[in-house]
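Take a look at the structure below.
Positions are given from 1, in the same order as the sequence printed here.
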Amino acid sequence: MSKTIIVSNRLPLQIKLNNDELEITPSVGGLATGMKSVHKDDGGLWIGWSGLTEEELNESLEKKVDKAVAKENCASVNLSQNDIDNYYFGFSNRTLWPLFHYFMEYTEFEKDFWESYKRVNQKFADVVIENLEDGDKVWVHDYQLLLLPQLIKDKRPDVSIGFFLHIPFPSYEIFRTFPWREELLTGMLGSDLIGFHTYDYERHFLSSIKRILRLDVKFNEIIYHDRIVKVDSFPMGIDYKKFHEAAINHTELNTNDKSELQQRLDDHIQASEDTKLILSIDRLDYTKGIPNRIRAFEYFLNKYPEFKEKVRLIMLSVPSRSNVPQYQLLKKETDELVGRINGQFATVSWTPVWYFYRSMPFDNLIDLYTSSDVALITPVRDGMNLVAKEYVATRTKKDGVLILSEMAGASKEMNEALMINPNNFEQIADAIKQALEMPIEEQISRNTILQKRLERYSVEKWAHEFMKSLDATKNLGQVIVSEKLNDKLVERMLSDYKKAKSKLILLDYDGTLAGFQDNPQNASPDAALIKLLDRLNEMPNTDMVIISGRDKETFEKWFGDKDYSLITDHGVWLRKRTKEWEALERLKNDWMENIRPILETFVDRTPGTFIEEKKYSLAWHYRKADPELAQIRTIELNTVLTSLISNNDLTVLKGNKVIEIKSSSVNKGRAASRLLSTKDYDFIFTIGDDWTDEYMFEEVPEGSYTVKVGFKKTKAKYYVKDTKEVRTLISKIADSQ
């Protein structure tokens with residue numbers, strides 16, 4: 001039976017080693033909760049690091065760990081202390097974390113970190129592949145494993161892979177500074193479905209895909225080699241029922257059953273009827289904006305002194321990455337700010353900030369959530385922020401006010417909260433006042449809507465929706481009517497080729513025999529290609545023809561000393577083997593004087609574009625242009641040209657990152673038809689990569705082998721992935737005699 005393999009940096013287990021004995025307890029984090037149904041209920045397997053390094057384990061202990069985690073439907077990836085130092089504390093937390101959260105000043109680009117990151121991702125891939133069976137699905141989680149999807153797909157292209165990023169994806173302007181940007185994007189594109197918390201992160205990712213990898217993006221689908229990768233947003237929820245029911249049980253506790261923390265909170269609340277508690281819970285991380293929050297609270301007390309001795313800010317900061325220098329400085333700054341404010345404002349009976357620097361058990365979190373009138377959540381950048389959702393879930397009477405930073409992912413779905421800019425102290429101070437004075441009816445109205453939404457879109461629903469979308473990606477390629485040219489089909493084609501008495505092979509050049517270049521003149525044939533074409537050209541009873549939109553002069557320069565048959569300018573000129581060039585069409589080019597100034601205007605307005613002037617056509621290339629600007633300009637140019645050429649026997653061809661204007665009486669189909677009329681061929685093979693080649697596919701007889709390069713909508717029967725596969729295929733034809 002097929003299963004789902006979940007992969008994350010850590011296993012959903014807390015594993016401790018006491019005198020060679022293992023102590024294992026389940027994790028209670030949001031991801032562990034959300035994936036519970038996928039993991040346990042569906043017989044899944046969870047792969048991750050155990051938390052114990054290779055140095056801490058001998059052979060006997062390693063077997064014990066493997067056996068113990070296997071009982072929990074898990075498998076561990078063995079990591080050394082060096083791996084943890086460089087891959088986790090290094091690359092993950094000192095490179096990716098600050099960069100993706102827009103803290104470029106903290107970002108370190110160390111090659112040793114990067115090499116370690118690659119090695120560890122490969123270690124994870126090895127364990128995944130070892131446990132993969134036919135029909136399994138893989139769900140990879142978070143920024144520590146960005147290379148993993150492609151490493152798995154390389155070995156098992158048949159496997160369905162999902163990836164979810166739990167932190168923000170930065171804008172293109174930030175991401176472009178990253179030295180290994182292509183590798184990271186390519187790693188993620190091994191997935192069939194890539195998920196983000198919000199549409200903003202999805203949009204940033206697609207922008208980088210278009211600008212850095214120059215891939216075609218249609219809405220939220222990326223055409224990548226012979227696959228379609230879907231990108232979507234799935235806002236992660238919480239275990240609403242767990243928090244809401246815990247809060248209900250909490251309200252029913254007797255005084256004797258209450259925790260020491262709750263009793264202290266009660267003492268403060270009962271001191272005066274207008275006493276209010278403001279809650280702040282975060283990991284101590286520079287992305288959470290904790291110093292700004294404390295300063296904003298100080299600003300509030302100065303601006304609205306009437307709230308002194310009535311309002312207390314309870315700050316819980318959970319220790320995080322305390323060995324990283326920035327976090328040590330952050331703790332020092334936070335301690336000093338809290339000390340300063342308490343020193344400035346405190347009275348005998350009132351301390352404005354209660355500050356806790358520690359983790360708290362679940363029951364104490366419920367104490368804080370249920371006792372606080374306001375939750376102040378002001379990160380400067382946050383992927384989602386589940387604390388905001390947990391607070392709302394615990395408000396059993398639907399009272400309480402959430403103040404939320406618009407920089408948190410949760411803000412996109414919690415519009416009923418009071419939204420603030422975390423850098424605007426004036427706005428935060430006013431929002432605190434508004435929250436403290438908000439009528440109970442308004443509090444209930446806002447929280448009723450929030451609670452319904454959170455209950456409906458829980459963390460289990462989030463996981464279910466992602467898996468449902470991953471299953472749906474299996475049908476994405478069905479809109480492409482052509483079939484992958486697999487080994488079995490190639491064998492059949494080669495068999496037909498051998499049996500045939502008269503054979504025609506039509507080969508497009510750019511994007512088929514040679515890859516695209518920013519400057520078209522740089523796409524000249526390399527030695528390996530020339531050698532391959534020579535072999536194909538010498539095959540008995542075979543007419544090999546290179547048919548291209550290239551101009552005659554370029555092909556004369558590249559292939560002038562060869563006896564290949566050549567067709568240029570989309571079908572204007574023909575040279576058969578050793579014969580002279582002959583014109584297949586009689587064309588004029590006086591129209592160019594009217595069209596060229598229009599193209600020049602678009603070149604001036606669109607950086608990175610240029611005009612290629614051929615004898616009988618003009619081409620506007622936009623491969624180097626900003627993809628989003630190019631998209632707008634191509635629509636504009638197409639509109640202008642269409643209205644101009646309607647009565648001039650001209651046509652506009654849209655190729656691969658190029659728009660070409662030429663005579664409408666000329667196309668590759670007409671040229672192919674001329675060849676077919678001169679000889680009786682019983683085997684025809686034609687291959688090309690863009691719209692200009694569709695005319696060929698339409699013109700050749702029904703039984704021909706028509707092949708498209710790339711995964712695109714086409715009239716060709718078959719497709720191959722790229723120019724590398726084209727050359728492999730042609731080599732097989734050349735080897736077949």
Side-chain angles (χ1 to χ4, degrees), residues 3-93 97 116-117 119-131 138-145 148 164 166 239 242 283 318-324 327 358-365 386 459 463:
K3 63 183 179 294
T4 299
I5 296 178
I6 303 157
V7 196
S8 64
N9 177 55
R10 287 291 297 269
L11 290 173
L13 306 168
Q14 297 290 332
I15 303 175
K16 289 180 183 170
L17 197 57
N18 290 322
N19 299 321
D20 285 359
E21 289 301 316
L22 296 175
E23 187 184 311
I24 298 180
T25 52
S27 296
V28 291
L31 183 62
T33 305
M35 301 305 293
K36 191 176 176 184
S37 59
V38 179
H39 180 210
K40 292 286 174 72
D41 301 351
D42 297 341
L45 177 71
W46 196 312
I47 292 173
W49 177 48
S50 66
L52 299 170
T53 62
E54 289 173 355
E55 289 81 356
E56 293 175 273
L57 300 171
N58 54 37
E59 196 175 330
S60 166
L61 278 172
E62 195 177 309
K63 285 179 181 173
K64 274 188 184 179
V65 170
D66 289 344
K67 194 173 177 183
V69 300
K71 280 185 185 173
E72 302 293 330
N73 291 357
C74 294
S76 64
V77 178
N78 293 332
L79 300 181
S80 66
Q81 189 59 51
N82 182 264
D83 291 333
I84 297 305
D85 290 342
N86 290 324
Y87 141 81
Y88 182 70
F89 290 117
F91 196 78
S92 296
N93 291 332
W97 179 269
S116 177
Y117 186 80
R119 278 195 306 275
V120 172
N121 271 251
Q122 186 61 59
K123 284 187 178 185
F124 273 84
D126 293 342
V127 176
V128 172
I129 289 158
E130 189 183 315
N131 287 279
V138 179
W139 188 356
V140 180
H141 289 270
D142 226 2
Y143 63 104
Q144 299 95 346
L145 301 171
L148 182 58
F164 193 88
H166 292 266
D239 186 347
K242 174 185 173 184
R283 279 189 313 106
V318 179
S320 174
R321 300 167 191 159
S322 51
N323 61 335
V324 177
Y327 290 78
R358 63 171 184 263
S359 298
M360 278 195 181
F362 179 75
D363 290 344
N364 283 158
L365 290 178
L386 299 180
V459 69

Inset, instruction - Please step through side-chain contact (heavy atoms from CB on, under 4.5 Å) for the pair Ile47 and Ile6, ending with a clear verdict. - result: CA-CA 6 Å; Ile47 292 173; Ile6 303 157; over 6 Å; no
Inset, instruction - Output, in order, the C-alpha distance, side-chain angles, deciding distance and verdict of side-chain contact (heavy atoms from CB on, under 4.5 Å) for Val65 and Asn78. - result: CA-CA 10 Å; Val65 170; Asn78 293 332; over 6 Å; no
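The distance from atom OG1 of Thr25 to atom NZ of Lys16, rounded to the nearest 0.5 Å, is 6.5 Å. The distance from the CG atom of Asn9 to the CG atom of Asp142 is 8.5 Å, given to the nearest 0.5 Å. For the atom pair CG (Leu61) and CG (Leu52), the distance works out to 8.5 Å, reported to the nearest 0.5 Å. Remark: Asn82 CG to Thr53 OG1 distance equals 11.0 Å, nearest 0.5 Å. From Leu17, atom CG reaches atom CD1 of Ile15 across 10.0 Å, with rounding to the nearest 0.5 Å.
Under the ring pair (Phe, Tyr, Trp, His ring centres under 6.0 Å) criterion, the residue pairs touching residues 43-62 are His39-Trp46, with sequence neighbours excluded. Among residues at least two apart or in separate chains, salt bridge (Lys or Arg N to Asp or Glu O under 4.0 Å) pairs with a member in residues 68-90 are Lys40-Glu72, Asp83-Lys123. Sorted by first then second residue, the ring pair (Phe, Tyr, Trp, His ring centres under 6.0 Å) pairs that include residues 51-79, not counting sequence neighbours, number zero. Counting only residues at least two apart or on different chains, no salt bridge (Lys or Arg N to Asp or Glu O under 4.0 Å) pair has a member in residues 26-35.
Among all heavy-atom pairs drawn from Gln144 and Ser92, the shortest one is CG-OG, 3.6 Å. Of all non-hydrogen atoms in Val459 and Asp239, the two that sit nearest each other are CG1-N, 3.8 Å. Here the closest non-hydrogen pair linking Leu11 and Gly48 is CD2-N, 3.2 Å. Across every non-hydrogen atom of Val128 and Ile5, the tightest pair is O-CD1, 4.4 Å. Counting all heavy atoms, side chain and backbone alike, Met35 lies closest to Ala463 at SD-CB, 4.5 Å.
Considering only heavy atoms from C-beta on, Cys74 comes within 4.5 Å of Pro12 through its side chain. You'll find the side chain of Leu145 reaches within 4.5 Å of the side chain of Phe124, heavy atoms only.
Arg283 meets the salt bridge (charged side-chain N to carboxylate O under 4.0 Å, His left out) test with Asp285; sequence neighbours excluded. In this view, Asn93 and Tyr143, Arg321 satisfy the side chain to side chain donor-acceptor pair (under 3.5 Å) rule, not counting sequence neighbours. Scored by the salt bridge (charged side-chain N to carboxylate O under 4.0 Å, His left out) test, Glu59 finds Lys63 as partners (sequence neighbours excluded). By the salt bridge (charged side-chain N to carboxylate O under 4.0 Å, His left out) test, Lys242 pairs with no residue at all, sequence neighbours left out. In this view, Tyr88 satisfies the ring pair (Phe, Tyr, Trp, His ring centres under 6.0 Å) rule with no residue, not counting sequence neighbours. For Trp139, the ring pair (Phe, Tyr, Trp, His ring centres under 6.0 Å) criterion is met by His141, Trp462, Phe466, not counting sequence neighbours. With sequence neighbours excluded, no residue forms a ring pair (Phe, Tyr, Trp, His ring centres under 6.0 Å) with Phe89. Listed by chain and residue number, nothing satisfies the side chain to side chain donor-acceptor pair (under 3.5 Å) test with Ser50 (two or more places apart in sequence, or in another chain).
Although no hydrogens or angles enter the test, the distance criterion places a donor-acceptor pair under 3.5 Å between the side chain of Asn121 and the main chain of Tyr117. Between the side chain of Asn58 and the main chain of Ser60, a donor-acceptor pair closer than 3.5 Å is present. Formation of a donor-acceptor pair under 3.5 Å by the Gln81 side chain with backbone atoms of Glu54 is not found in this model. Judged purely by atom type and a 3.5 angstrom limit, Asn73 has no side-chain atom pairing as donor or acceptor with the backbone of Leu45. Not one N or O on the side chain of Ser359 forms a donor-acceptor pair closer than 3.5 Å with the backbone of Val318.
Side-chain contact annotation: Ser76 with Asp66, donor-acceptor N/O pair under 3.5 Å present.
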